[in-house]
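Everything quoted here is computed from the prediction, not taken from an experiment. Labels below follow one simple rule: chain letters A, B, ... track the order of the sequence lines, proteins then strands, and each chain is numbered from 1.
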Amino acid sequence: EMNKPGGPGPSEGVLANFFNSLLSKKTAINS
Amino acid sequence: MESNSLCESLLKWLETFPGREGTKISHLTDGVLMANVLHQIAPEYFSEYWLTRIKADVGDNWRLKVSNLRKVQQGVVDYYQEQLNQSIRHFPLPDLNKIGEHGDAVEMGRMLQLLLGCAVNCENKQQYIEAIMNMEERVQKVIMEAIQELMLREGSPGAVGLDGDGR
């Protein structure tokens with residue numbers, strides 16, 4: 001899967017999934 | 001991941017912090033700006049007191065620069081371990097001498113990668129992650145791979161896979 005230069009590519013959804021997963025991941029901060 | 005691309009992309013990421021526009025490698029080699037960014041990311045850990053340990057105005061003295069960089073790196077390693085319960089033993093720590101003495105882009109990229117991991121795992125991670133999601137796709141991809149490299153080893157319990165499948 002290669003991105004097309006200059007335009008939205010198939011990785012756009014992968015990126016959104018990844019960062020949304022990061023957002024929803026519970027933050028495990030020790031207090 | 002190409003390291004020059006890593007450094008270039010993470011410099012762009014750093015520019016998303018208020019007042020950090022136009023940041024170049026040469027602005028980072030004394031560790032002061034990175035320490036301030038860490039204070040911004042997690043002020044409860046990288047406190048005002050911690051900041052006082054970083055010497056400002058070190059000029060061209062590379063030994064003082066490396067001394068500052070060492071304190072920054074140690075602070076970050078401790079933050080992962082003590083605050084995030086996340087092991088980064090697999091991650092090759094940057095060569096601080098190469099950063100302090102030569103402003104090496106490859107090593108600087110790895111240093112900024114460590115800061116990135118703090119930002120996307122800290123209590124205020126939402127603002128940092130959303131800022132990344134507003135960046136151009138090419139940069140987002142490099143940042144995603146940089147985060148994965150930090151998080152996807154040693155079966156880290158909090159690891160997030162490429163497509164969220166928990167690999």
Side-chain angles (χ1 to χ4, degrees), chain A, chain B residues 5 9 13 16 41-47 78-87 116-152 156-167:
Chain A
E1 279 187 34
M2 296 293 287
N3 290 345
K4 289 174 187 164
S11 68
E12 197 174 89
V14 173
L15 290 167
N17 279 345
F18 174 78
F19 288 113
N20 281 321
S21 298
L22 262 188
L23 274 174
S24 59
K25 186 165 78 88
K26 195 171 176 229
T27 306
I29 304 278
N30 284 340
S31 52
Chain B
S5 164
S9 297
W13 167 68
T16 65
I41 291 171
E44 74 287 349
Y45 192 83
F46 300 102
S47 62
D78 291 345
Y79 181 75
Y80 277 91
Q81 192 173 328
E82 294 170 12
Q83 295 294 104
L84 304 178
N85 286 325
Q86 187 180 323
S87 168
L116 171 70
C118 295
V120 299
N121 284 292
C122 74
E123 283 187 35
N124 299 316
K125 66 179 184 176
Q126 184 174 351
Q127 72 181 84
Y128 300 114
I129 295 171
E130 285 175 354
I132 293 167
M133 292 174 85
N134 284 324
M135 299 182 78
E136 60 180 300
E137 193 178 324
R138 181 181 62 86
V139 177
Q140 280 190 49
K141 188 166 183 293
V142 174
I143 289 177
M144 177 182 76
E145 289 170 355
I147 295 169
Q148 286 174 328
E149 188 183 6
L150 279 167
M151 298 171 71
L152 279 179
S156 168
V160 175
L162 183 70
D163 47 11
D165 62 2
R167 272 182 297 151

**Item:** Point-to-point distance, once rounded to the nearest 0.5 Å, from CZ of A:F19 to CD1 of B:I147
**Value:**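 One finds 4.5 Å between CZ of A:F19 and CD1 of B:I147.
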
**Gap between atom CZ of A:F18 and atom CD of B:E145 - 0.5 Å precision** =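 The distance works out to 9.5 Å.
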
**Message:** For B:Y45, give me all partners under ring pair (Phe, Tyr, Trp, His ring centres under 6.0 Å), at least two apart in sequence or on another chain.
**Reply:**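 Ring pair (Phe, Tyr, Trp, His ring centres under 6.0 Å) check on B:Y45 returns B:Y79.
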
**Prompt:** Pick one: which of B:M133, B:Q140, B:M135 meets side chain to side chain contact (heavy atoms under 4.5 Å, CB included) with A:L15?
**Reply:**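 That would be B:Q140; it is the only one of B:M133, B:Q140, B:M135 passing the side chain to side chain contact (heavy atoms under 4.5 Å, CB included) with A:L15.
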
**Item:** Under the side chain to side chain contact (heavy atoms under 4.5 Å, CB included) test, residues paired with B:Q126 that sit two or more places apart
**Value:**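 Partners of B:Q126 under the side chain to side chain contact (heavy atoms under 4.5 Å, CB included) test: A:L23, B:E130.
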
**Item:** B:N121 and A:K25, any side-chain heavy atoms less than 4.5 Å apart
**Value:**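 Result yes, sub-4.5 Å side-chain heavy-atom pair found.
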
